[in-house]
There are 2 protein chains.
Amino acid sequence: MENDNILKALAHPVRRDMLAWLKEPEKHFSSQEHPLDMGICAGQFERCGLSQSTVSAHLAALSAAGLVTSRRVGQWVFYKRNEETIAAFRATLSDL
Amino acid sequence: MENDNILKALAHPVRRDMLAWLKEPEKHFSSQEHPLDMGICAGQFERCGLSQSTVSAHLAALSAAGLVTSRRVGQWVFYKRNEETIAAFRATLSDL
DNA sequence: TCTATATATCGCTAAAGTCCGATATACAGA
DNA sequence: TCTGTATATCGGACTTTAGCGATATATAGA
């Protein structure tokens with residue numbers, strides 16, 4: 001659990017938005033065809049206005065930091081928050 | 001209270017070290033000539049191994065983020081943690 | 001096997017961040 | 001006013017990050 005990757009990942013507003021959206025899927029991704037409890041598929045995040053390749057890179061950064069998990073199902077990749085890592089990170093910030 | 005500046009400031013290991021050192025001044029800055037409760041003067045942070053100008057820039061980043069306060073006394077500038085901002089930031093991270 | 005869709009990766013450019021030495025500014029004290 | 005010390009700012013080199021379009025890969029379905 002390296003805090004450095006996490007803090008670098010959080011140092012970008014788009015990635016923070018993505019994490020925040022994932023916190024309330026039913027609120028932000030009701031348009032998704034797939035059931036929300038599978039996670040949110042990557043394409044949904046293009047709503048941030050950036051290109052597909054850039055969105056993919058942001059998701060990869062969140063994933064590398066351990067802030068989200070991903071799972072491929074068919075042609076889609078579904079993302080979910082990784083609450084364990086997030087909670088652990090928050091705990092380390094208690095003694096910031 | 002701009003979270004963006006704070007997270008960007010925290011996204012650098014040297015600046016996190018600086019903040020951590022300031023948490024226990026007696027532990028890390030016992031060599032300082034001035035009383036520790038005035039704060040820690042900028043030069044003390046050059047122990048990180050970076051140049052004076054770079055250290056000054058890092059301190060400026062921390063200050064711009066509101067994570068530290070600074071006070072000039074004579075030719076020195078003393079830095080202290082800004083616990084209010086830090087606590088408020090930690091609170092916002094509760095709903096990360 | 002062919003086509004269509006979703007995602008990842010590549011190659012590139014632009015912008016931002018990091019670092020340094022040199023210089024400027026602020027202050028103290030002679 | 002002059003000198004010495006502490007800190008800040010400037011200018012430039014270098015690295016990293018962010019963004020894009022194009023292409024590659026993975027999968028589904030005909």
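Per chain, numbering begins at 1; letters A, B, ... match sequence-line order.
Atom-to-atom, CD of B:Gln44 to P of D:dA6 comes out at 10 Å; the value is rounded to the nearest Å. Rounded to a whole Å, the CD atom of B:Gln32 is 12 Å from the P atom of D:dA6. Between the P atom of D:dT5 and the CD atom of B:Glu46 lies a distance of 14 Å, rounded to the nearest Å. Rounding to whole angstrom units, CZ of residue B:Phe78 and C1' of C:dA26 are separated by 14 Å. As a whole-Å value, the separation of A:Leu7 CG from D:dT17 P is 14 Å. In this structure, B:His34 atom NE2 and D:dT5 atom P are separated by 14 Å, rounded to whole Å. If you take CH2 of A:Trp76 and C1' of C:dA4, they are 11 Å apart, rounded to a whole angstrom.
Nearer the 5' end of DNA chain D, as judged by each residue's closest nucleotide, is the contact made by A:Ser51, out of A:Ser51 and A:Val73.
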Note to self: Let's go through B:Glu26 and B:Glu24 carefully: what are the C-alpha distance in whole Å and the side-chain angles of both, what is the deciding distance for side chain to side chain contact (heavy atoms under 4.5 Å, CB included) to 0.1 Å, and is it a yes or a no?
What the structure shows: CA-CA 6 Å; B:Glu26 61 294 331; B:Glu24 300 170 304; 3.6 Å; yes
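A 4.5 Å side-chain heavy-atom check between A:Gln52 and A:Val55 finds every atom pair outside the cut-off. Using a 4.5 Å heavy-atom threshold, the side chains of B:Ser31 and B:Arg47 count as touching. For the pair A:Leu10/B:Leu96, a side-chain contact is recorded, criterion being any heavy-atom separation below 4.5 Å from C-beta on.
One finds no side-chain N or O of B:His58 lying less than 4.0 angstrom from the OP1 or OP2 phosphate oxygen of C:dG17.
In A:Glu33, the CD atom is not crowded: 12 or fewer heavy atoms of neighbouring residues, nucleotides or ligands sit closer than 6.0 Å.
Under the 30°/60° scheme for interplanar angles, the aromatic rings of B:Phe45 and B:Tyr79 are found to stand perpendicular. Ring geometry for B:Phe29 versus B:Trp21: interplanar angle over 60°, hence perpendicular rather than tilted (30 to 60°).
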With a cut-off of 3.5 Å and sequence neighbours excluded, list every side-chain donor-acceptor pair involving residues 65-76 of chain A.
| from | atom 1 | to | atom 2 | distance (Å) |
| --- | --- | --- | --- | --- |
| A:Arg72 | NH1 | A:Gly74 | O | 3.2 |

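For A:Arg16 and B:Asp4, the salt-bridge test passes: some basic side-chain N is under 4.0 Å from an acidic carboxylate O.
Distances from the side chain of B:Gln75 to the nucleotides D:dG4, D:dA28, D:dT7 place D:dG4 closest. Proximity note for A:Lys8 (side chain, C-beta onward) versus D:dC20, D:dA6, D:dT17: the nearest is D:dT17.
Residues of residues 9-18 of chain B that place a heavy atom closer than 4.0 Å to DNA chain D do not occur.
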Output one line per pair: protein atom, nucleotide atom from nucleotides 8-14 of chain D, and distance, for all N/O pairs under 3.5 Å.
| from | atom 1 | to | atom 2 | distance (Å) |
| --- | --- | --- | --- | --- |
| D:dA8 | OP1 | B:Tyr79 | OH | 2.9 |
| D:dA8 | OP2 | B:Ser56 | OG | 2.9 |
| D:dA8 | N7 | B:Gln52 | NE2 | 2.8 |
| D:dA8 | N6 | B:Gln52 | OE1 | 2.8 |

